[in-house]
Amino acid sequence: MIGEPTAVLGSASVNPTIGVLALQGDVREHLAALRSLGADPISVRRPGELAACDGLVIPGGESTTMAKLATIFDLLEPLRDAVRAGLPAFGTCAGMIMLADRIEDGAAGQETIGGLHITVRRNAFGRQVDSFEEDIHVDGLADPVRAVFIRAPWVEAVDGDVEVLARVEDGPAAGRIVAVRQGPLMATSFHPEVGSDDRVHGMFVDLVRSA
């Protein structure tokens with residue numbers, strides 16, 4: 001773990017079962033990060049697997065494809081029901097889009113799980129060639145996080161019950177919101193599973209433990 005942990009990380013001794021939606025994206029990397037933090041991670045492709053989870057990570061990928069695959073696997077409505085019922089969920093990159101209530105520049109008819117009271121702009125930072133890394137400060141963490149942005153969204157607007165955790169700090173996108181939390185829901189525009197810094201995952205694991 002890099003730098004100082006969150007103040008409450010590890011405050012509970014339980015080993016929660018945290019699923020990673022395994023339809024697309026860096027599933028293996030998320031599973032490894034969660035395991036390193038004492039959680040019991042599982043891959044989720046079916047409603048029965050979702051029902052066993054105390055929390056869920058929705059990884060990056062392509063949000064329209066992810067929604068279509070969730071429909072094919074009969075997961076989209078169970079995912080919506082679980083989030084509405086209070087299941088803690090953490091969306092990264094495309095996962096942020098999947099949790100958002102509102103999308104700018106989305107595909108025609110694009111569906112989401114919803115629950116997070118934000119407006120996201122899809123592919124806000126540009127194409128794959130515009131991917132970049134930047135050190136950003138995340139509320140609750142003592143030292144900056146090296147954030148990796150790959151065809152990432154950003155948050156255009158938040159409702160009053162959403163806490164902004166991080167913003168871009170340099171360049172033409174300075175000030176754009178890239179990490180948020182709302183009750184049991186978290187989302188980042190960047191990919192915290194890239195590299196060896198598991199502190200952002202640690203924030204979510206602690207959120208699950210305290211839910």
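No continuous path of ILVMFWY side-chain contacts below 4.5 Å connects Leu185 to Val205, so the two sit in separate hydrophobic clusters. A continuous path of Ile, Leu, Val, Met, Phe, Trp and Tyr side chains, each step under 4.5 Å between heavy atoms, connects Met66 with Met96, placing both in one hydrophobic cluster. Residue Leu31 is not grouped with residue Ile42 when hydrophobic side chains (ILVMFWY) are merged at heavy-atom distances under 4.5 angstrom, including chains of intermediate members. In terms of hydrophobic clustering, with Ile, Leu, Val, Met, Phe, Trp and Tyr side chains grouped at heavy-atom distances under 4.5 Å, Leu69 and Ile103 are assigned to a common cluster. By the rule that hydrophobic residues join a cluster once side-chain heavy atoms approach within less than 4.5 Å of another member, Val83 and Val162 end up as members of one cluster.
Here the CZ atom belonging to Phe90 is positioned 10.5 Å from the CG atom belonging to Leu207, to the nearest 0.5 angstrom. The structure places CZ of Arg151 at 4.5 Å from CG of Asn123, a figure rounded to the nearest 0.5 Å. The CG atom of Leu21 sits 10.5 Å away from the NE2 atom of His30 when rounded to the nearest 0.5 Å. Taking CG from Leu99 and OG1 from Thr112, the interatomic distance works out to 8.0 Å, rounded to the nearest 0.5 Å. Note that CD1 of Ile72 and CG of Leu23 are 9.5 Å apart. Values are rounded to the nearest 0.5 Å. A distance of 4.5 Å separates CG of Asp105 from CZ of Arg121, quoted to the nearest 0.5 Å.
Between Ser189 and Cys93, the closest side-chain pair of non-hydrogen atoms is not below 4.5 Å. Residues Ile113 and Leu76 have side chains in contact (heavy-atom distance under 4.5 Å, counting atoms from C-beta outward). Looking at Glu62 and Gln24, their side chains come closer than 4.5 Å, going by heavy atoms from C-beta outward. For the pair Leu87 and Leu50, the minimum side-chain heavy-atom distance is below 4.5 Å. Leu79 is not listed as a side-chain neighbour of Met98, based on a closest heavy-atom distance of 4.5 Å or more. Side chains of Ile58 and Val20 form no contact here, defined as non-hydrogen atoms less than 4.5 Å apart. Looking at heavy atoms from C-beta onward, Gln182 lies out of side-chain contact with Asp159 at the 4.5 angstrom threshold. Between Leu56 and Val44 the shortest side-chain heavy-atom distance falls below 4.5 Å.
Note on ring orientation: taking the six-membered ring where Trp is involved, the planes of Phe190 and Phe149 are perpendicular (angle over 60°, cut-offs 30° and 60°).
For Glu29 (side chain) and Pro192 (main-chain N/O), no donor-acceptor pair under 3.5 Å exists by modelled atom type. For Thr65 (side chain) and Gly61 (main-chain N/O), no donor-acceptor pair under 3.5 Å exists by modelled atom type.
Annotation: salt bridge (charged side-chain N to carboxylate O under 4.0 Å, His left out) contacts involving residues 77-99, sequence neighbours excluded, comprise Glu77-Arg80, Arg80-Glu111, Asp81-Arg84. Residue pairs satisfying the salt bridge (charged side-chain N to carboxylate O under 4.0 Å, His left out) criterion with at least one member in residues 30-48, sequence neighbours excluded, are absent.
Glu104 and Thr119 form no side-chain donor-acceptor contact under 3.5 Å, judged by distance and modelled atom types alone.
In terms of heavy-atom proximity, Ala22 sits nearest to Val27 at CA-CG2, 3.7 Å. Minimum interatomic distance between Gly60 and His191 (heavy atoms only, all atoms of both residues): CA-CE1, 4.0 Å. Nearest approach of Asn15 to Gly38, heavy atoms of both residues: OD1-O, 2.8 Å. For Leu34 against His201, the heavy-atom pair with the smallest separation is CD2-CD2, 4.2 Å. Val138 approaches Ala166 most closely through the heavy-atom pair CG2-CB, 4.0 Å. Between Pro41 and Ala39, the closest heavy-atom pair is CD-O, 3.2 Å.
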From CA spacing to verdict: salt bridge (Lys or Arg N to Asp or Glu O under 4.0 Å), Asp206, Arg199: CA-CA 10 Å; Asp206 193 76; Arg199 290 175 297 153; over 6 Å; no
Test side chain to side chain contact (heavy atoms under 4.5 Å, CB included) applied to Ile18 and Phe204, step by step: CA-CA 10 Å; Ile18 300 182; Phe204 180 63; 4.0 Å; yes
Arg122 vs Thr64, side chain to side chain contact (heavy atoms under 4.5 Å, CB included): CA-CA, chis, key distance, verdict: CA-CA 10 Å; Arg122 185 167 166 258; Thr64 55; 3.9 Å; yes
Steps toward side chain to side chain contact (heavy atoms under 4.5 Å, CB included) verdict (Leu165, Val180): CA-CA 5 Å; Leu165 298 178; Val180 294; 5.6 Å; no
From CA spacing to verdict: side chain to side chain donor-acceptor pair (under 3.5 Å), Glu169, His137: CA-CA 8 Å; Glu169 298 179 19; His137 291 83; 3.0 Å; yes
Glu156 and Val120: CA distance, side-chain angles, deciding distance, side chain to side chain contact (heavy atoms under 4.5 Å, CB included) verdict: CA-CA 5 Å; Glu156 287 277 350; Val120 298; over 6 Å; no
Pair Glu49-Ser43, side chain to side chain donor-acceptor pair (under 3.5 Å): steps then yes or no: CA-CA 8 Å; Glu49 295 162 343; Ser43 297; over 6 Å; no
